[in-house]
Structures are given as C-alpha cells and as structure tokens.
Amino acid sequence: MHVTSERRLDDGVLEREFTLGEIPGTLWTPESVAPAPLILMAHNNGLPKAEPRLVARARLSAAAGYAVATIDAAGCGDRPRSAADEQVRADLRRAMRAGEPVDEIFESFVGPLVEKAAPEWRLALDALLALPEIGGPVGYSGWTALGIRLAVVEPRIVAAGFFAGGYVPRAQREEAPQVTVPLLFLLQWDDEGNPRQRALDLFDAFGTKEKTLHANLGGHTGTPWFEREDGDRFFGRHLK
C-alpha cells in the first residue's frame, strides 16, 4: 500500500488516499490511539469512491470511532473500462428508461463486475489490516451484490449492512443462504431501480439468524440520514 496524500479534517479524522498496485482507495481513521474496527464501504455498480454520499457516510462513521475504507475496484470509478463494458452500461440505461426487461443485460454487466471486484476488495483488506491503527473486527457496508460475495468468501467480515438489493445477479441470489453474519438490510420502498419484491425475497433468502430489514418511503437516493446513525449502532453491537 502506497499513501499518495493525507489530510487532517476538521473533525479530527485523518483522510488518506492510497494505491495498492493499480487499485486506488481512500482510508478514513478516527483520532484515537487505540486500533479501530474497520468498515469496508462499497459504492454501487461502477460509481467512484469519491461519490459524495459515500464520502459523507464514511467521514461520519470515522468520527464515531471506526476506520473506514473504500476502493475503486475493477470497472469502478476512474478505472479503465473496455468499449464492450461501456456499451453494456449504455444498453442498461436505455432499457431502464424505456421500461424494457433488463435482467439479461444486468447479468452481463453486474455479474462480471462482482467477479472482478471481490478479489481486489480482499487484497485491500489484507493491506488495511496490516496497518497498526486498524485492529478489526471487520464490517461491510454498501453494494448488496458485492457484499453477498464477500460475506460468503471472506471470514474476517463479521457483520454487514446491505443497501437496496432488488437487482442482484443470479450467482449472488444463489449464494444468499450462505450469508450467516448479522445483517442490516436497507430498502427504499419506492426505489425505481430496485424491484421491491425481489429485495424482499432476497432478504428472506439470507441464511443468517440475525437479520433486520429497515424500509423507508422514497426513491433510491432518499435513504434518511438517521439510517446512518442506526448503521453505526448496528456495527457498534458487532465490531466494538
């Protein structure tokens, strides 16, 4: 891991940009002498790690005593994308605007994205846990499809918060019963991009004995801010 920049924010949180080979990432750590538990905070389907809603959540969680990290995995943010990848993205946007079936397009786009992203997140986790200021345990927060894969293959993740979850690749829907860590699942009831019933079916499929569903009225970006505070309380029960 190579730190490319760092700055101390007004709330005492230390923000560091880093690279891990070709993987760019950001790490926020609290102003504390004790090793902090870690939350991996993933953005959805190709958005950049600098996406403002993610950065705001990360900074608040870091101020609450967690180390928080995110990366631009393969195909996300400013990472290179092939012409074929860009065409699939364009086809997906067009089909969704037109109200056409998107399942097959979605599979061809998000399925490979998860397969490429999961190993890079695990590599980043190796590097992050080697830092003296991070002591674990580890939680995951964000993109549902990636979170399912990581919760299944990565034993160091002990709790997870998933967002939305209507459109999840078949492979991850089939893996859902293997998710056994405590789970907080956020659902926007009127999310235009995530079919409600699919999200409810996915929640039902998770194998964990400790799972909580929080549903709020509104569209995809309308998650109330108190859910972030509830998320920190959830992670406080399992990471501290």
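All values below come from the heavy atoms of this structure, side chains included, with hydrogens, waters and symmetry mates left out. Counting begins at 1 with the first residue of the sequence. Keep in mind the model is a prediction, meaning the values are calculated, not measured.
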* To do: Treating Ile, Leu, Val, Met, Phe, Trp and Tyr as nodes and any side-chain heavy-atom pair under 4.5 angstrom as an edge, say whether L200 and V168 lie in one connected cluster.
  => yes
* Are V152 and Q172 close enough that some pair of their side-chain heavy atoms sits under 4.5 Å apart? -> no
* Are W143 and L150 close enough that some pair of their side-chain heavy atoms sits under 4.5 Å apart? -> no
* **Rounded distance (nearest 0.5 Å) linking atom CD of E17 with atom NE2 of H2** => 12.0 Å
* Straight-line distance of R233 CZ to E227 CD, nearest 0.5 Å -> 9.5 Å
* Grab the two heavy atoms, one from A151 and one from V181, that are nearest each other, plus how far apart they are. => CB-CG2, 4.5 Å
* Asked: Side chains of R79 and I23: does their closest heavy-atom pair fall under 4.5 Å?
  -> yes
* Closest approach of F163 and S141, non-hydrogen atoms and distance? -> CZ-OG, 3.8 Å
* **Value rounded to 0.5 Å, distance of CD1 in I134 from CG in L128** => 5.0 Å
* Are there more than 12 heavy atoms of other residues, nucleotides or ligands under 6.0 Å from atom NZ of K240? -> yes
* Asked: Below 4.5 Å, heavy atoms only, C-beta onward: do V68 and M41 meet side chain to side chain?
  -> yes
* Asked: Any side-chain heavy atom of W121 sitting closer than 4.5 Å to one from L146?
  -> yes
Residues 182-189 side chain polar contacts: donor-acceptor under 3.5 Å, at least two apart:
unit_1, atom_1, unit_2, atom_2, d
Q188, NE2, L217, O, 3.4
Q188, NE2, G219, O, 3.1
Q188, NE2, G222, O, 3.4

* **Closest non-hydrogen atom pair between A176 and L202, with its separation** => CB-CD1, 3.8 Å
* **Intermediate values then yes/no, side-chain contact (heavy atoms from CB on, under 4.5 Å), H43 and R53** => CA-CA 9 Å; H43 40 70; R53 287 177 295 145; over 6 Å; no
* Determine, step by step, whether R149 and E174 satisfy the salt bridge (charged side-chain N to carboxylate O under 4.0 Å, His left out) criterion, reporting the C-alpha distance in whole Å, the side-chain angles of both residues, the deciding distance to 0.1 Å, and the verdict. => CA-CA 10 Å; R149 170 55 55 85; E174 292 171 358; over 6 Å; no
* Joint cluster assignment, L131 & L14, ILVMFWY side-chain distance < 4.5 Å -> no
* **Taking every non-hydrogen atom, the tightest pair across A56 and W225** => CB-CH2, 3.7 Å
* **Whether F162 and F206 hold their rings parallel, tilted or perpendicular, with breakpoints at 30° and 60°** => tilted
* Can you find a pair of side-chain heavy atoms, one from H214 and one from T223, that are under 4.5 Å apart? -> no
* Asked: Can you list the steps and then say if D126 with R122 is a salt bridge (charged side-chain N to carboxylate O under 4.0 Å, His left out)?
  -> CA-CA 6 Å; D126 291 341; R122 298 186 75 187; over 6 Å; no
* Asked: So, the side chain of S108 versus the backbone of I105: is there a donor-acceptor pair under 3.5 Å, distance only?
  -> yes
* About how many Å separate CD of E120 and CD1 of I71, when rounded to the nearest 0.5 Å? -> 6.0 Å
* For K211 and D204, work out which heavy atoms get closest and say how close. => NZ-O, 3.1 Å
* **Within 6.0 angstrom of E22 CD, more than 12 heavy atoms from elsewhere** => no
* Structure fact -> When every non-hydrogen atom of P30 is compared with those of A67, the smallest separation belongs to CD-N, 4.0 Å
* With rounding to the nearest 0.5 Å, note down the distance linking CZ in F234 to OG1 in T212. => 7.0 Å
* Reported CG-to-CZ distance for the pair L213 and F203, which is rounded to 0.5 angstrom -> 5.0 Å
* How about I148 and V114: do any of their side-chain heavy atoms sit closer than 4.5 Å? -> no
* **Single-linkage hydrophobic cluster, 4.5 Å side-chain cutoff, L27 and L60 together** => no
* To do: Check whether any side-chain N or O of Y66 sits under 3.5 Å from a backbone N or O of S61 as a donor-acceptor pair, and report yes or no.
  => no
